[in-house]
Amino acid sequence: MTTPELGLPMAVPAEGLPARVRIHEVGARDGLQNEKATVPTETKAEFVRRLADAGLTTIEATSFVHPKWVPQLADAEQLFPLVRDLADLSGTALPVLVPNERGLDRALALGATRIAVFASATESFAKANLNRTVDEALAMFEPVVARAKAQDAHVRGYLSMCFGDPWEGPVPVPQVVRVCRALLDMGCDELSLGDTIGVATPGHVGRLLTALNDEGVSTASIGVHFHDTYGQALSNTLAALQHGVTTVDASAGGLGGCPYAKSATGNLATEDLVWMLTGLGIDTGVDLDRLTATSVWMAEQLGRPSPSRTVRALSHQE
């Protein structure tokens, strides 16, 4: 018998928190792109299907980036058709990352209706990741977003290095707000604030969210994306929830990192997030048993145990 079947964790709601949180699952894209070994296409498709079966309604499927830069996701054209029917069968949202207009062309040709672009709040990371300045990258994304919106696609704007940068140190809040505002002004429907190297703390999270609100950015358009480098991902998530955020990025089994930021460790594990939200009485629609089984299965495919503490506890791994 698993712990959830025993009624644990006990739900003890706290005041001022949302009733429901939408988990934006990034394991199949952000998680697998940082793996040294290339996972077979059929295994990736099975991973996405198992995640959907566990109740996740938004699953980032892949990235239409040039294979030279992210070889682990070179099979985007082969993978997306294998999972595309989930959108019709269960209404699962399957966003894909596109780096430029060519990537958008590839995604739209396969029927993608939700796309994401990936910007940086700092010049150093923009140079390392996009080989452009921050403003040059924004200019590159403008026609991408415009064309996607013209096709009635939903557009998410990822913003990396919102809290700290491995080359520049702490990132000034107004600097982050400026790029967020630019992404929304060009037509992005949603922002994802990325703590790429995991250095954020709850007070910093609250200050950034307040600054965004002061500049007219609605909390409803904000998602958060925390890495657990210093063990702060859940506390930072709670700070965001207290501010009214209802979209949280997470990766099944805690997979992932960032190939362009060597100090970035795994994403917030989806199971750890679901455990905390369940204990707070917040609905996610996710079956924790099925999700844990999925992450145990994927860990077996990768040949190593899951870093998620909840997965280890529920699967009785040492």
Side-chain angles (χ1 to χ4, degrees), residues 26 29-31 33-36 60 63-73 97-103 116-145 156-186 188 190-201 203-205 207-209 211-212 215 217 222-233 236 240 249 251 256-268:
V26 301
R29 196 276 300 172
D30 193 20
Q33 76 173 14
N34 204 41
E35 289 296 317
K36 293 181 179 179
E60 201 157 276
S63 172
F64 287 87
V65 67
H66 194 287
K68 174 182 176 182
W69 302 115
V70 186
Q72 296 87 340
L73 302 181
L97 190 68
V98 300
N100 49 37
E101 289 195 83
R102 173 58 185 145
V117 295
F118 198 97
S120 171
T122 66
E123 297 293 345
S124 297
F125 190 69
K127 181 66 175 177
N129 190 35
L130 299 167
N131 198 30
R132 286 171 170 80
T133 67
V134 169
D135 287 338
E136 287 170 348
L138 290 172
M140 178 180 67
F141 292 139
E142 280 192 35
V144 176
V145 175
R156 169 178 250 226
Y158 275 106
L159 187 58
S160 58
M161 301 297 171
C162 288
F163 299 93
D165 179 286
W167 300 280
E168 300 180 19
V171 181
V173 169
Q175 182 173 319
V176 180
V177 171
R178 181 185 79 85
V179 185
C180 285
R181 189 69 263 176
L183 287 168
L184 288 175
D185 288 345
M186 74 173 66
C188 288
E190 176 184 22
L191 295 173
S192 175
L193 307 178
D195 182 21
T196 315
I197 58 173
V199 295
T201 53
H204 194 171
V205 172
R207 178 170 294 183
L208 176 56
L209 292 171
L212 285 167
E215 288 299 315
V217 178
I222 297 173
V224 289
H225 185 117
F226 295 119
H227 286 229
D228 207 32
T229 313
Y230 296 91
Q232 302 295 298
N236 289 333
D249 296 5
S251 176
C258 176
Y260 297 98
K262 299 306 181 185
S263 58
T265 55
N267 293 290
L268 168 62

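Keep in mind that the numbers below use all heavy atoms, side chains included, and drop hydrogens, waters and symmetry copies. Residue numbers run from 1 in the order of the sequence given.
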Could you give the distance from CD (E60) to CG (D30), rounded to the nearest 0.5 Å?
-> 7.0 Å
Nearest 0.5 Å please: distance from the CD1 atom of I197 over to the CZ atom of F125.
-> 10.0 Å
Find out whether F141 and L130 are in side-chain contact, i.e. whether some heavy atom of one side chain is under 4.5 Å from a heavy atom of the other.
-> yes
Quick one: closest heavy-atom pair of L138 and A182, and the distance?
-> CD1-CB, 3.9 Å
Output the distance between atom NZ (K127) and atom OG (S120), rounded to the nearest 0.5 Å.
-> 13.0 Å
Between R102 and N100, is there a donor-acceptor pair closer than 3.5 Å when you use the side chain of the first and the backbone of the second?
-> no
Apply side chain to side chain contact (heavy atoms under 4.5 Å, CB included) to L208 and V173, showing your working.
-> CA-CA 6 Å; L208 176 56; V173 169; 3.9 Å; yes
R29 versus S63, closest heavy-atom pair with distance | CG-N, 3.9 Å
Rounded to the nearest 0.5 angstrom, the CG-CG distance for L191 and L184 is 4.0 Å
Donor-acceptor pair between H204 and D195 side chains, under 3.5 angstrom | no
Using a cut-off of 6.0 Å, state whether more than 12 heavy atoms not belonging to E101 lie near its atom CD.
-> yes
Going by heavy atoms in the side chains, are F118 and P99 under 4.5 Å from each other?
-> no
Just by modelled atom types, is the T122 backbone N or O under 3.5 Å from a matching donor or acceptor in the D165 side chain?
-> no
Where do E123 and E168 come nearest, in terms of heavy atoms and distance?
-> N-OE2, 3.4 Å
Work out which heavy atom in R178 is nearest to a heavy atom in V134; give both atom names and the distance.
-> NH2-CG1, 3.7 Å
Provide the closest heavy-atom pair for F163 versus V205 in the form atom of the first, atom of the second, distance.
-> CE2-CA, 3.8 Å
Backbone of G198 reached by a side-chain donor or acceptor of Q232 within 3.5 Å = no
Mind checking the CG-OG1 spacing from N267 to T196? Nearest 0.5 Å is all I need.
-> 9.5 Å
When you measure from the side chain of H227 to the backbone N and O of T229, does any donor-acceptor pair fall under 3.5 Å?
-> no
Close side-chain approach of L193 to L209, heavy-atom, < 4.5 Å | yes
Over all atoms of both residues, closest heavy-atom pair of M161 and V171 = O-CG2, 3.4 Å
Show your working on side chain to side chain contact (heavy atoms under 4.5 Å, CB included) between Y158 and D249 and close with a plain yes or no.
-> CA-CA 11 Å; Y158 275 106; D249 296 5; 3.6 Å; yes
Measure the CD1-CG distance between I222 and L212 for me, rounded to the nearest 0.5 Å.
-> 4.5 Å
